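Protein chains get the first letters and strands the later ones, always in sequence-line order, with residue 1 at the start of each. Quick caveat, the model's predicted, so the values are computed rather than measured.
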Amino acid sequence: MDTAAAIAAILASVRRIPAGRVSSYGEVAARAGLKGRARMVGRVLGMAPADDPVPWYRVLKSDGRIAFPLGSDAFKQQVRHLRKEGVRVSKTGRVDLATHAWTVGQSLDELLWG
DNA sequence: AGCGTGACAAGGT
DNA sequence: GACCTTGCCACGC
């Protein structure tokens with residue numbers, strides 16, 4: 001898959017994350033058919049165009065922490081976005097994945113009994 | 001082509 | 001938790 005297709009797949013993958021849930025760079029890449037290219041997800045989101053909005057703030061590191069430096073503007077903005085959707089974020093930028101991580105299983109549960 | 005750098009990940013100390 | 005190492009991939013020099 002070429003770069004342009006990879007970018008499109010990544011953006012589509014990020015857009016699939018439901019509001020109020022989070023995912024990781026690695027999972028986003030995997031769901032885009034780009035296993036092992038977590039770093040590319042960060043690159044693509046960094047280029048995210050304003051006229052083509054993507055919920056970049058729903059993407060965290062694999063350990064559930066925000067990828068930006070604590071206290072940076074981007075960090076604070078991400079915290080604000082997440083909390084607005086009901087995601088609990090600690091002062092140090094940590095999110096409990098067991099509670100908020102998006103998984104196919106949880107989506108099915110919500111569809112069936114949610 | 002080589003090398004450093006980075007919104008990463010996984011495993012170990 | 002804070003680091004380190006290894007593997008990874010795209011970019012810019």
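- Rounded to an integer number of Å, the gap from Arg31(A) CZ to dA9(B) P is 13 Å.
- The salt bridge (Lys or Arg N to Asp or Glu O under 4.0 Å) pairs that include a residue from residues 79-89 of chain A are Arg58(A)-Glu85(A), where partners are two or more places apart or lie in different chains.
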Donor-acceptor pairs under 3.5 Å, side chain of residues 60-77 of chain A to any protein atom, not counting sequence neighbours: which ones?
{"unit_1": "Asp63(A)", "atom_1": "OD1", "unit_2": "Arg65(A)", "atom_2": "N", "d": "3.1"}
{"unit_1": "Ser72(A)", "atom_1": "OG", "unit_2": "Pro69(A)", "atom_2": "O", "d": "2.8"}
{"unit_1": "Ser72(A)", "atom_1": "OG", "unit_2": "Phe75(A)", "atom_2": "N", "d": "3.2"}

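- Within the structure, every side-chain polar atom (N or O) of Ser24(A) is placed at least 4.0 Å from both OP1 and OP2 of dC8(B).
- Atom NZ of Lys35(A) is separated from atom C1' of dA9(B) by 14 Å (rounded to the nearest Å).
- Across all strands shown, Arg94(A) has no heavy atoms under 4.0 Å from either base or sugar-phosphate atoms.
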What side-chain donor-acceptor pairs closer than 3.5 Å can you find for residues 1-15 of chain A, not counting sequence neighbours?
{"unit_1": "Asp2(A)", "atom_1": "OD1", "unit_2": "Ala4(A)", "atom_2": "N", "d": "3.1"}
{"unit_1": "Asp2(A)", "atom_1": "OD1", "unit_2": "Ala5(A)", "atom_2": "N", "d": "2.8"}
{"unit_1": "Ser13(A)", "atom_1": "OG", "unit_2": "Val28(A)", "atom_2": "O", "d": "2.9"}
{"unit_1": "Arg15(A)", "atom_1": "NH1", "unit_2": "Asp52(A)", "atom_2": "OD1", "d": "3.1"}

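- Atom OG of Ser90(A) and atom CG of Asp96(A) lie 10.0 Å apart (nearest 0.5 Å).
- Screening Val95(A), Thr99(A), Ile17(A), Val59(A) for a side-chain contact (heavy atoms from CB on, under 4.5 Å) with Val22(A), the sole residue that qualifies is Val95(A).
- From the 5' end on, the contacts that DNA chain C makes with chain A at under 4.0 Å to a non-hydrogen atom open and close at dA2(C) to dC11(C).
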Which parts of nucleotides 1-7 of chain B does protein reach within less than 4.0 Å, heavy atoms only, written one letter per nucleotide 5' to 3' as B for base, S for sugar-phosphate only and - for none?
-----BB
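- The salt bridge (Lys or Arg N to Asp or Glu O under 4.0 Å) pairs that include a residue from residues 3-12 of chain A number zero, where partners must be two or more places apart or lie in different chains.
- If you take OH on Tyr57(A) and CD on Gln78(A), they are separated by 10.0 Å, rounding to the nearest 0.5 Å.
- No side-chain N or O of Arg16(A) forms a donor-acceptor pair with one of Ser23(A) less than 3.5 Å apart.
- With P as the reference atom, dA7(B) and dG7(C) are 22 Å apart, rounded to whole Å.
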